[in-house]
Structure formats: structure tokens, C-alpha cells
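This report concerns only the one structure given below.
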Amino acid sequence: DQSIYGWRGADIRNILDFQRDWPDAAVIKLEQNYRSTQLILDAAHAVVSRNEARTAKKLWTQNARGQQIGRFEAYNEEEEAEWIVRRVEELTGGGSVLTRRADDAGRYRLRDIAVLYRTNAQSRAIEEACLRSGVRYQLVGGTRFYSRREVKDALAYLRVLRSDGDAVSFERIINVPARAIGDRTIELLRGEAAERGVTTWEAIERAAHGRVEGLGSRAQSALAGFGELVRRLRTRVGVLPLPELLDEVLEASGYRAMLADGSEEGEERWNNLLELREVTTRYDDLAPEDALDRLLEETALVADQDSYESDADALSLITLHAAKGLEFPVVFISGLEEGLFPTSRAIEAESGFNPDPRAMEEERRLAYVGMTRAKERLYLSHAWRRATRAGQGFAADPSRFLLEIPPDLMVGPALGGAREDADEVDLDLVFGRGRTTRFGRPIRRSEEHTSELQSRLHLVCRLLLEKKK
């Protein structure tokens, strides 16, 4: 039930075929659990027991029955992240006195709590919610969002559109994607800029016109092409809204095509850029040039890779795969939506022309692993909209894993099955056009305050269910 590394070559059949290969071997099931409450174990079992490729067993514990699993239904990833951080503050005794719950307030320290997610791109909204609230966190086994390679590349492209002298940004993206501009050419540009006292951009233009000694014709041609790209993109600054400017940068530079190689890594890196695009929508109320300047002012390019420090009093942000082997008194699992967790790849494999359930069964085992990282409290959340999901009006269905957990084990809004007419739901009608979270913070820009969000959601869902009947 904890075989989750099929993508690394691990084969669960090595375990499942053991009795067939060694019929005289004794099989001893270790079913007593010393970590989690019985309620958490029951919920995890309800999910993983649907797998066919497994050895039948059910964990039990002498620990207390435990509290119900908390579930939250968010408008988008920003509201989801804000709910997580507010709940963390309540659990640790921080936040507003008016919002604390007496049964949990102050029981835990930050190091007792972990937020798990399926893909690295999901950490962006949670990181920013932590920063806004002053909640210390550590990113376990990964790189902070604004230090990820593709995010730094995209920001570097935007920086060179506003600055002739940002040598670091120019050198970062001058050969990304590859343009036959090597280290020797960059050294020549540095020397030209230093010798003549000009900016990096002026050095590039001089090189493009053949006025830099020692530069070959191939490098000169490549620099001319790069210079033309920058000049063309600079004409779009102040004309295109910031999100569209980023789109054009990624398209015209070839960066999007570079990542569209069909690999999981390429898909994850592109998802990080979709998250960055979501960040750019926050400045919609500013003039395009001001929006670009504000974005560049508020984002950092300082790389800071973290590793897990069990003694650090900080909230842990970690992918589900990296969480295996760890345990925490309190666990949040975010992004429980069809197409995200389980992944669209697993869904397509299971329902394709030649159905293959193996990927879906591994996703289900991954859900089991994540849920059983929790010792005392478990929280599950999902969002209707997410930056990495194609289509602005696409409403996501809650993950099948949520639907597989018995309702009496969870507390939260009632869950329904997948809806064929989900695309008919006007999420802006449900959640309001104020573009604020239910906690009052602007999602993209400050407008009128959203009211009665939860009641509207329930009303629309109820109407949809009645329509189906």
C-alpha cells in the first residue's frame, strides 16, 4: 500500500508475486499502527482498499478514535492557501483571538504541522500566504517558488525589457532556449562592456553589428537574433496587459516550445510558469508599465533551497512523494481535485483505448501514504479553479479520493459526484465578482467585497443536483 515510486522503476509485482514465487514462505501481516488515530486509518483504508493489486489487510490501533477529518472547498488556490494558513495560526495559538477554536488553539507548534501537495507548482500560493501572515515555513526537498529555474528565467526576460544594464538577467537568458551563444561569447560581451564602459545591452548591439573583436559569424548572427527579439518584446511593454506580455515573452522566446517536450518534468515546469502568470493578474488595476515594474520590485531572484530540519520550528511544505517516512501531528493535503490528484495522466491511462489501472492505483496508494502521515489531525482541501488548470471557466470536480472516504469521517460541505454539467456553473456568480477570498483578502485586485459566498455555492450545487434528478 506504500509503493509510490513506479515512475522511478519500482514494480509492485515484486511484492504481490512473492507468495506465488515462494509458496512455502510464511506471510506475517503487520497491521497494528502506532502513529495515527483509528479514524484516520479508517479513512485511508477506504481509499486504498479500492485497489485490486494489493494484499488484503486493514490497519488498527490502540490510539484514540480521533477527531473528524476537516475538509475545505475553496474558490481557487489562493483562498485554499489562506484557509490553510489561518487554520495553522489557530492550531498554534496565533491569528485573531476571535477566530481561534478553544479545542485546538495553542496545542501545536509550527514544526508539528505539514502541508502536503501533489506537485511542486502548488507551493507558490501556500508560500505567499505564509509570507503575508508571517508564518515561518521550510520547503522540504525542493526549491522555493521564486528560486525555481523557469520562474527565474521568465522574470529575467521581463527584467531585460526594462533595463539595459541588468547583466545578470541578460546572461541568464541570452542562451535560454539554446541560441548557439556560448560562454566564450558571453566573456567577449563582458569584456566589451567593461572596456568601453557601456551597458550589457549596448555590448550586445555592438556585437550584433560586428563591432566586437574575436566574435565569430555564427555568434554574431545569434546575437543579432536575440537583439531583435528583445527590441520586439520591448515594443509590447505598456501595450499589453502584464499577463499577456508574459504569454508573448514565453511564446516568442521559444521557452514554451522548449518545455512542451511531453515529459513530466516539462509539464511541471510549465505549471510553475502558469502559477507565475496567476501572480501577474494581481496587478490588473495598474497601468501595464506600472504593473511590470511592481511585479519586478516584489519578486526575489535569490535561490534558497531547504532541507527538512526536524528541530526547526517552522511549518513544513512538502510533496506527497517526499513525505514518505515522515510523520506529523497535523497534516494538510491540498489540491484534491480530479486531474491534479489523481493526475490527468492517471485518469487518461485508466479510461483510454487500452485501459491501464496501474497509474491510478499508484495515485491511490499515494493518497494513502499522505493521509497516514497524520498522527492526530488531518485536513483535506480542494479548489474549483487553479492557475495550472486549462480554461478560465473550468470547474474542477473534487477528487475521487474524497468521495471514497465515508462521509461520517469528515466534516465540511456535502460532496457530490462528478457533474456532466459542471462547466455550466458560473463560479463568479457562486463566489462573487469581488475577487476576494472569504477572508476578505483580494484574490487578484481589490473591488467590492464578496458576500454570502458559501451559501451561494450550496444554492448552485443544490440547483444542479435537482436539475439532474
With sequence neighbours left out, what residues match [X] under salt bridge (Lys or Arg N to Asp or Glu O under 4.0 Å)?
X    : result
E31  : none
D42  : R65
R162 : E289, D293
E268 : none

Does [X] reach the side chain of [Y], with side-chain heavy atoms less than 4.5 Å apart?
X    : Y    : result
I333 : L378 : yes
L91  : R87  : yes
I405 : V47  : yes
L240 : P288 : no
N63  : L41  : no
Q32  : W60  : yes
Y368 : L59  : yes
E80  : R385 : no

List for me each residue that meets ring pair (Phe, Tyr, Trp, His ring centres under 6.0 Å) alongside F341, sequence neighbours excluded, and say none if there are none.
F401

According to ring pair (Phe, Tyr, Trp, His ring centres under 6.0 Å), who are the partners of Y117, at least two apart in sequence or on a separate chain?
none

Main chain of [Y], side chain of [X]: is a donor-acceptor contact present, judged purely on distance under 3.5 Å?
X    : Y    : answer
R400 : E338 : no
E376 : V330 : no
E350 : A359 : no
Q138 : S316 : no
R373 : L326 : yes
R159 : L296 : yes
E79  : Y75  : yes
K324 : L366 : no
S133 : C130 : no
S36  : A374 : yes

Which value, rounded to the nearest 0.5 Å, describes the distance between [X] atom [atom1] and [Y] atom [atom2]?
X    : Y    : atom1 : atom2 : result
D397 : L336 : CG    : CG    : 13.0 Å
R386 : L274 : CZ    : CG    : 12.5 Å
D153 : L259 : CG    : CG    : 9.0 Å
L409 : Q67  : CG    : CD    : 13.5 Å
R364 : M360 : CZ    : CE    : 6.5 Å
E363 : R118 : CD    : CZ    : 4.0 Å

Go through the structure and list residues passing side chain to side chain contact (heavy atoms under 4.5 Å, CB included) with [X], not counting sequence neighbours.
X    : answer
T280 : L242, P243, L246, R277, L295
A25  : F18, W22
A81  : A125, I126, A129
D112 : Y108, R109, P329

Residue list, side-chain hydrogen bond (donor to acceptor under 3.5 Å, both in side chains) with S123, at least two apart or on another chain:
E127, R148

Applying side-chain hydrogen bond (donor to acceptor under 3.5 Å, both in side chains) to R269 and not counting sequence neighbours gives E150, Y255

Specify whether W83 and F72 have parallel, tilted or perpendicular ring planes, treating 30° as the upper limit for parallel and 60° as the lower limit for perpendicular.
parallel

Give me the atom names and distance for the closest heavy-atom approach of [X] to [Y].
X    : Y    : value
S381 : I84  : OG-CD1, 4.2 Å
L110 : R136 : CD1-O, 3.9 Å
A114 : L315 : N-CD1, 4.3 Å
L39  : G66  : CD1-O, 4.1 Å
A383 : E337 : N-OE2, 2.7 Å
S334 : Q122 : O-NE2, 3.5 Å

Could you check E362 against R365 for salt bridge (charged side-chain N to carboxylate O under 4.0 Å, His left out), going step by step and ending with a plain yes or no?
CA-CA 5 Å; E362 180 150 321; R365 291 192 295 271; 3.4 Å; yes

Let me see the working for F332 and V88 under side-chain contact (heavy atoms from CB on, under 4.5 Å), right down to the final yes or no.
CA-CA 9 Å; F332 292 81; V88 167; 3.8 Å; yes

Show your working on side-chain contact (heavy atoms from CB on, under 4.5 Å) between Y146 and V279 and close with a plain yes or no.
CA-CA 11 Å; Y146 288 107; V279 172; 3.6 Å; yes

Using the rule given for side-chain contact (heavy atoms from CB on, under 4.5 Å), can you reason through T343 versus T119, listing the C-alpha separation, both sets of side-chain angles and the distance that settles it, and then say yes or no?
CA-CA 10 Å; T343 64; T119 67; 5.8 Å; no

Between the side chains of E278 and R124, is the shortest nitrogen-to-carboxylate-oxygen separation below 4.0 Å, so that they form an ion pair?
no

Test side-chain contact (heavy atoms from CB on, under 4.5 Å) applied to L250 and Y157, step by step:
CA-CA 9 Å; L250 297 175; Y157 265 107; 6.0 Å; no

